[in-house]
Amino acid sequence: MIKELEVNNQILPYKIINKNNKNTYFRYKDNYLEISKPYKISEKYIIDYVINNFNKFYKKYLTHINSIPNDLEIILEEKSYQLVINNKRPFSFEIIDNQVIVNTTIKDITKIKKKIYEDHLLKMINRLTSQIDQVLKTNKIKKRPKILKYYKSKFGSYHRINNEITLNIALAKANINYLYYVIMHEYAHTKVFNHSKKFYKVLEKLMPNYKFYDKNIKNISIWL
């Protein structure tokens, strides 16, 4: 259930979820702050913490809200485009000046955006292929299949059972270096599954400047 916290006439919508976590996590979902807390921590303690740090949470909330594109806006590699839809088939799109012209009979705007982001991300991956292959060869790491999906809470993952890497199509919105970082991050997990010091040593070998992207990727809007 979404509730509201009001401080100095500023309203912050929030939702508290009890989970078997060791820590408390704060994430912005749609138009509210989601707080995942361990059962042992009281709701009052969490609310008091948010109130004591209200300005910080509210500022991030406003940044998050303003980062959500409108229905007819699409962002590709940090550039915003106007979405122009023609009721034609088969599905295709092209970038002309500041517009993405789409031919489709799909009515759902979100589905249209997902198809564009997936297609564009594939092109970005292809641009990185030779660079990725060289790094993997140097570090004696086998290539893994890449699956593209849309997630609201993560940019990538490595699935040990299927031995494949999943990438969030929202990465098409960002600078291509972030895509490269996520791919290297997941390949590092093929060697070390957790986020231990050993993992980060592997990641540093794969991408020496990873720290900048590891720190700043959280600033990328994941919303389509």
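With Val135 as reference, Met184 is the one residue of Met207, Met184, Lys205 to meet the side-chain contact (heavy atoms from CB on, under 4.5 Å) rule. Of the options Tyr200, Phe155, Phe199, Tyr210, a ring pair (Phe, Tyr, Trp, His ring centres under 6.0 Å) to His185 is made by Phe199 and by none of the others.
In this structure, Asn31 and Ile65 approach most closely via the heavy-atom pair CA-CD1, 3.7 Å. Asn175 approaches Asn177 most closely through the heavy-atom pair OD1-N, 2.8 Å. Between Asn163 and Pro145, the closest heavy-atom pair is O-CD, 3.5 Å. Annotation for Lys29 and Trp223: closest pair CA-CZ2, 3.6 Å, computed over non-hydrogen atoms. The minimum heavy-atom distance between Lys154 and Tyr151, with the atom names listed, is O-CB, 3.4 Å. Scanning all heavy atoms of the two residues, the minimum distance from Asn18 to Pro38 falls at OD1-O, 4.2 Å.
Of the possible polar contacts, one joining the Arg144 side chain to the Lys142 backbone as a donor-acceptor pair under 3.5 Å is found. In this structure, Asn53 contributes its side chain and Lys56 its backbone to no donor-acceptor pair below 3.5 Å.
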Between Tyr150 and Asn168, is the side-chain hydrogen bond (donor to acceptor under 3.5 Å, both in side chains) condition met? List the steps. CA-CA 5 Å; Tyr150 176 57; Asn168 191 336; over 6 Å; no
Take Lys114 and Ile169 through the side chain to side chain contact (heavy atoms under 4.5 Å, CB included) test and state the conclusion after the steps. CA-CA 7 Å; Lys114 284 181 178 179; Ile169 60 173; 3.9 Å; yes
Could you please spell out the steps behind the side-chain hydrogen bond (donor to acceptor under 3.5 Å, both in side chains) verdict for Asn21 and Lys37? CA-CA 6 Å; Asn21 299 336; Lys37 72 172 186 65; over 6 Å; no
Show your reasoning for whether side chain to side chain contact (heavy atoms under 4.5 Å, CB included) applies to Glu43 and Tyr45. CA-CA 5 Å; Glu43 186 168 321; Tyr45 178 86; over 6 Å; no
Assess whether side-chain hydrogen bond (donor to acceptor under 3.5 Å, both in side chains) is satisfied between Tyr39 and Asn20, documenting all intermediate values. CA-CA 7 Å; Tyr39 286 97; Asn20 292 319; 5.0 Å; no
Might you work through the side chain to side chain contact (heavy atoms under 4.5 Å, CB included) test for Ile35 and Tyr25, ending with a clear yes or no? CA-CA 6 Å; Ile35 307 168; Tyr25 298 96; over 6 Å; no
Determine whether Gln131 and Gln134 satisfy the following criterion, side chain to side chain contact (heavy atoms under 4.5 Å, CB included), listing intermediate values before the conclusion. CA-CA 5 Å; Gln131 183 181 357; Gln134 183 59 50; 6.0 Å; no
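With hydrophobic clusters built from ILVMFWY side chains whose heavy atoms lie under 4.5 angstrom apart, Ile147 does not share a cluster with Leu128. Cluster membership for Leu167 and Leu136, using ILVMFWY side-chain heavy atoms within less than 4.5 angstrom, is shared.
Salt bridge absent: Glu34 and Lys15 never bring a charged side-chain N and a carboxylate O closer than 4.0 Å. Ion pair Asp119/Lys115 not flagged as a salt bridge, since none of the NZ, NE, NH1 or NH2 atoms sits closer than 4.0 Å to an Asp/Glu carboxylate oxygen. Between Asp133 and Lys137 no salt bridge is recorded (no basic side-chain N to carboxylate O distance below 4.0 Å).
Annotation: side chain of Phe54 is in contact with side chain of Leu12 (closest heavy-atom distance under 4.5 Å). A 4.5 Å side-chain heavy-atom check between Tyr178 and Asn216 finds at least one atom pair inside the cut-off. Taking the side chain as every heavy atom from C-beta outward, Tyr180 and Ile183 never approach each other to under 4.5 Å. The side-chain heavy atoms of Ser36 and Phe26, taken from C-beta on, include no pair separated by under 4.5 Å. The shortest distance between side-chain heavy atoms of Tyr14 and Val50 does not fall below 4.5 Å. By the 4.5 Å heavy-atom criterion applied to side chains, Tyr187 and Lys143 are counted as neighbours. Two residues are said to be in side-chain contact when any heavy atoms from C-beta on lie closer than 4.5 Å; Tyr49 and Thr24 fail this criterion. Inter-residue side-chain proximity for Asn126 and Thr129 is flagged as met; some heavy-atom pair is nearer than 4.5 Å.
Through chains of ILVMFWY side-chain contacts below 4.5 Å, Tyr32 is grouped with Ile2. Under a 4.5 Å side-chain heavy-atom cut-off, the cluster of Ile, Leu, Val, Met, Phe, Trp and Tyr residues that includes Ile11 has no other member.
With values rounded to the nearest 0.5 angstrom, Leu33 atom CG is found 9.5 Å from His64 atom NE2. Going from atom CD of Glu118 over to atom NZ of Lys149 covers 11.5 Å, rounded to the nearest 0.5 Å. Between the NZ atom of Lys173 and the CG atom of Leu224 there is a distance of 6.5 Å, given to the nearest 0.5 Å. Atom CG in Leu121 sits 5.0 Å away from atom CG in Leu148 (nearest 0.5 Å). Taking CG of Asn162 as the reference point, atom CD1 of Ile165 lies at 12.5 Å (rounded to 0.5 Å). Met1 contributes atom CE, which lies 12.0 Å from atom CD1 of Ile16 (distance to the nearest 0.5 angstrom).
Within 6.0 Å of atom CG in Asn8, 12 or fewer heavy atoms from other residues, nucleotides or ligands are found, so the atom counts as exposed in its surroundings. By the neighbour-count criterion of 12 heavy atoms within 6.0 Å, atom CG of Asn209 is densely surrounded, having more than that number from other residues, nucleotides or ligands.
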Would you mind writing out the side-chain donor-acceptor pairs for residues 72-87 within the sub-3.5 Å range, not counting sequence neighbours?
{"from": "Glu73", "atom 1": "OE1", "to": "Asn70", "atom 2": "N", "distance (Å)": "3.4"}
{"from": "Glu73", "atom 1": "OE2", "to": "Ser80", "atom 2": "OG", "distance (Å)": "2.8"}
{"from": "Glu77", "atom 1": "OE1", "to": "Arg127", "atom 2": "NH2", "distance (Å)": "3.0"}
{"from": "Glu77", "atom 1": "OE2", "to": "His120", "atom 2": "NE2", "distance (Å)": "2.8"}
{"from": "Glu77", "atom 1": "OE2", "to": "Arg127", "atom 2": "NH1", "distance (Å)": "2.8"}
{"from": "Asn86", "atom 1": "ND2", "to": "Asn103", "atom 2": "OD1", "distance (Å)": "3.4"}

